[in-house]
Amino acid sequence: QVQLVESGGGLVQAGGSLRLSCAASGSIFSISHMGWYRQVPGKERELVADIDKRGRTEYGDSVKGRFTVSRDNAKNTVDLQMNSLNVEDTAVYYCNADILQDRGRGYLGYWGQGTQVTVSS
């Protein structure tokens, strides 16, 4: 089966940077959109950044100008460079991908298990 695995989370001071990575593996034929969402307790999961196969991107309003999403189609990975972090960025960050499996007939959405990002003041 298809699997998404995130890495790179941790504890940083406000104003600092972190880089998250997500690798997709399994019987993958193609990946359309890949991206990152985040969630804090009591709140709905929200879009952080999304990138399609051609490199076109979309960002949540709160991270525009601070975060950059990128992908490597050959390696089926997506990264999130997070700069100028603030306390409000503290959340569990989830990798998301729309994937067409080998011999599949349509794209399906997949989620990673999440990685914790904590920003201290």
Side-chain angles (χ1 to χ4, degrees):
Q1 295 253 35
V2 171
Q3 182 177 210
L4 301 180
V5 179
E6 303 102 332
S7 62
L11 174 66
V12 295
Q13 294 182 3
S17 299
L18 273 180
R19 187 174 182 89
L20 306 182
S21 296
C22 173
S25 61
S27 58
I28 297 171
F29 181 80
S30 182
I31 303 176
S32 57
H33 289 255
M34 301 188 78
W36 295 90
Y37 291 72
R38 67 187 183 187
Q39 189 169 28
V40 299
K43 295 188 64 177
E44 192 63 44
R45 191 170 299 185
E46 66 175 0
L47 171 72
V48 177
D50 177 89
I51 183 168
D52 68 13
K53 285 188 294 186
R54 301 195 62 174
R56 294 171 292 199
T57 59
E58 180 182 3
Y59 295 93
D61 289 339
S62 64
V63 308
K64 289 178 181 176
R66 300 187 298 121
F67 292 8
T68 303
V69 65
S70 60
R71 66 186 283 173
D72 186 330
N73 292 332
K75 298 192 295 185
N76 290 330
T77 60
V78 60
D79 290 355
L80 182 69
Q81 178 65 47
M82 305 185 293
N83 299 325
S84 302
L85 287 161
N86 55 58
V87 173
E88 288 69 42
D89 295 316
T90 296
V92 177
Y93 284 70
Y94 296 91
C95 180
N96 171 258
D98 294 326
I99 297 174
L100 177 65
Q101 292 186 269
D102 292 334
R103 294 169 290 181
R105 294 189 175 183
Y107 285 86
L108 297 175
Y110 294 85
W111 293 92
Q113 296 193 65
T115 185
Q116 176 71 47
V117 172
T118 302
V119 184
S120 62
S121 61

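Numbers for residues simply follow the sequence, beginning at 1.
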State, with a plain yes or no, whether a side-chain heavy atom of Met82 is found less than 4.5 Å away from one of Arg66.
no
Checking side chain to side chain contact (heavy atoms under 4.5 Å, CB included) for the pair Tyr107/His33: CA distance, chi angles, key distance, verdict?
CA-CA 10 Å; Tyr107 285 86; His33 289 255; over 6 Å; no
Using every non-hydrogen atom in the two residues, find where Tyr110 and Val2 come nearest and quote the distance to one decimal.
CE2-CB, 3.7 Å
Of all residues at least two apart in sequence or in a different chain, which pass the ring-ring contact (aromatic ring centres under 6.0 Å, His included) check with Tyr37?
Trp111
Is the closest side-chain heavy-atom distance between Val69 and Asp50 below 4.5 Å?
no
Salt bridge (Lys or Arg N to Asp or Glu O under 4.0 Å) involving Glu58 - partner list, sequence neighbours excluded
none
Is there a path of hydrophobic side-chain contacts, each under 4.5 Å between heavy atoms, that joins Val12 and Phe67?
yes
Transitive ILVMFWY side-chain link Tyr94 to Val5, under 4.5 Å
no
Taking Ile51 as the starting point, is it possible to reach Ile99 by hopping between hydrophobic residues whose side chains are less than 4.5 Å apart?
yes
For atom NZ of Lys75, decide whether the heavy atoms of other residues, nucleotides or ligands shown that lie under 6.0 angstrom number more than 12.
no
Would you be so kind as to tabulate the donor-acceptor pairs closer than 3.5 Å made by side chains of residues 21-28, with sequence neighbours excluded?
residue	atom	partner	partner atom	Å
Ser21	OG	Asp79	OD1	3.1
Ser27	OG	Gln101	NE2	2.9

Sub-4.5 Å side-chain heavy-atom contact between Asn76 and Ile31:
yes
